[in-house]
There are 2 protein chains.
Amino acid sequence: MSLRHAMLGLLARGPASGYDLLKAFEASLANVWPATQSQLYTELGRLTDAGLIAVQAEGPRGRKEYRITQQGREELWHWLTEVEPDPPRRNDALLRVFFLDQVDPGQARAYLERRAAAAAAQEAALLGLREQVAAQDDPLARYGLLSLEYGVRISAAVREWAQWAVEQLDAGGALAPANPAGPAATTADTGTASPADSPAHAANPSAATGG
Amino acid sequence: MSLRHAMLGLLARGPASGYDLLKAFEASLANVWPATQSQLYTELGRLTDAGLIAVQAEGPRGRKEYRITQQGREELWHWLTEVEPDPPRRNDALLRVFFLDQVDPGQARAYLERRAAAAAAQEAALLGLREQVAAQDDPLARYGLLSLEYGVRISAAVREWAQWAVEQLDAGGALAPANPAGPAATTADTGTASPADSPAHAANPSAATGG
DNA sequence: GACAGCATGTAACCTGTTACATGATTTG
DNA sequence: CAAATCATGTAACAGGTTACATGCTGTC
């Protein structure tokens with residue numbers, strides 16, 4: 001339920017409408033906690049019912065400006081200092097790595113190289129952004145810069161990992177794919193058992209998603 | 001829709017029942033793509049309807065053993081080589097960093113130190129696991145080791161980032177919290193406007209979740 | 001007066017989580 | 001025979017996404 005806390009966090013900086021919050025989410029939280037318009041308006045209602053925020057003023061086009069209440073501040077404080085964040089649980093890109101033995105080594109290698117390129121691109125983008133942000137010396141950007149740095153470091157680590165993984169494949173000798181399926185292997189399903197007949201089992205007890 | 005592909009990936013290694021898949025998810029995919037029992041059985045039905053898997057045999061206690069079909073192999077191949085993975089979008093721990101200006105610097109520092117400790121603990125656990133896995137020299141563990149290494153590197157990067165962030169706070173001089181709320185500041189909500197009256201705005205255009 | 005932007009709200013759908021419900025088989 | 005484990009299935013709910021629906025206001 002972090003959406004609610006993200007909203008409280010933004011409202012703690014000053015009153016805002018649903019529309020204002022939407023812009024703030026798009027501009028600053030898009031990569032950390034995205035939210036849709038629909039979600040925001042629904043949650044504004046719930047937060048109001050719960051007494052954590054209240055309508056402060058009504059404006060021109062049905063605009064409702066919300067402010068955080070004392071109860072809301074307390075909830076925000078509690079979340080910030082007493083609730084342990086839950087780590088990201090799912091990683092689509094890493095999931096594919098588990099099944100890379102199903103394609104031929106060239107494709108596995110290509111996959112990892114695409115990961116490296118994607119991470120490098122993100123790293124470059126964030127480095128550019130950091131220059132911009134650092135230049136404007138906004139005191140509010142202080143903590144924002146911490147999260148930017150996080151992004152820079154994580155994308156660098158991912159890039160380095162993917163590059164290392166490619167080297168591992170190259171060094172380790174080509175593994176044949178366990179169960180070739182290929183784009184051209186379009187033989188109709190015959191109902192015969194697959195080449196491997198042992199029950200599915202784990203390759204290893206796994207790594208974490210990182211967080 | 002990666003659950004379906006994770007299941008196809010496991011079934012591509014050999015036939016399995018819903019129960020077998022559940023064990024495989026718990027043992028090897030828990031930190032990359034967790035799934036509940038309920039989800040697995042529901043999805044087995046859908047995969048069967050879609051013709052991507054089929055019941056191969058029925059066993060003792062109503063056990064149904066599924067195998068992947070050729071169509072299923074093609075779908076798996078497509079997902080592995082042609083679908084770009086979507087990056088993790090939400091990061092609960094990093095979201096809090098955006099709002100650390102709402103608590104006093106000591107609490108912000110403590111928060112970052114807890115992140116560093118958590119990352120260090122995870123790193124240590126994964127290093128231990130890597131030793132175990134490396135010792136058994138299982139050829140199937142080849143790609144599994146790549147994901148383990150990913151976990152090790154990401155937790156190291158997070159740990160280093162959090163340590164760096166603590167240093168930044170210490171060096172940068174204490175910032176006063178923008179809007180103190182505190183656990184003791186229990187004044188009833190009076191309805192008066194909060195100290196900051198400007199509309200909520202972004203601290204900066206943000207960092208990425210990493211992936 | 002047209003258009004961009006401000007502004008709010010609802011419905012349908014999908015994924016995932018928790019909890020409920022039930023029963024067969026193997027092992028000590 | 002009791003307990004652990006194997007084994008499957010459904011219902012209710014929560015959070016998030018997409019799409020629909022509507023209308024006002026300021027500016028060129």
Under 3.5 Å, is there a donor-acceptor pair between the side chain of A:S17 and the main chain of A:E65? no
Tell me whether the side-chain N/O atoms of B:R90 come closer than 4.0 Å to OP1 or OP2 in D:dT17. yes
Is a side-chain N or O of A:T69 found less than 3.5 angstrom from the main chain of A:L52, in a donor-acceptor match? yes
Nucleotides 5-15 of chain C: protein proximity per nucleotide (B base, S sugar-phosphate only, - neither; heavy atom, under 4.0 Å): BBBBBBB---S
Anything under 30° is parallel, anything over 60° is perpendicular, the rest tilted; go ahead and classify B:W79 against A:F99. tilted
Length of the CG-P vector between B:L21 and D:dC6, whole Å: 14 Å
Whole-Å distance, B:L40 CG to C:dT18 P, equals 14 Å
Just the rounded figure in Å: distance from P of D:dG16 to CG of A:L29. 13 Å
Counting only N and O atoms by type, is there a donor-acceptor contact under 3.5 Å from the side chain of A:R130 to the main-chain atoms of A:L148? no
Kindly indicate whether the side chain of A:H78, heavy atoms from C-beta on, has any atom under 4.5 Å from the side chain of A:V83. yes
Measure from CZ on B:R89 to C1' on C:dG16 and round the result to the nearest Å. 17 Å
Salt bridge (Lys or Arg N to Asp or Glu O under 4.0 Å) with A:E84: which residues, sequence neighbours excluded? B:R114, B:R115
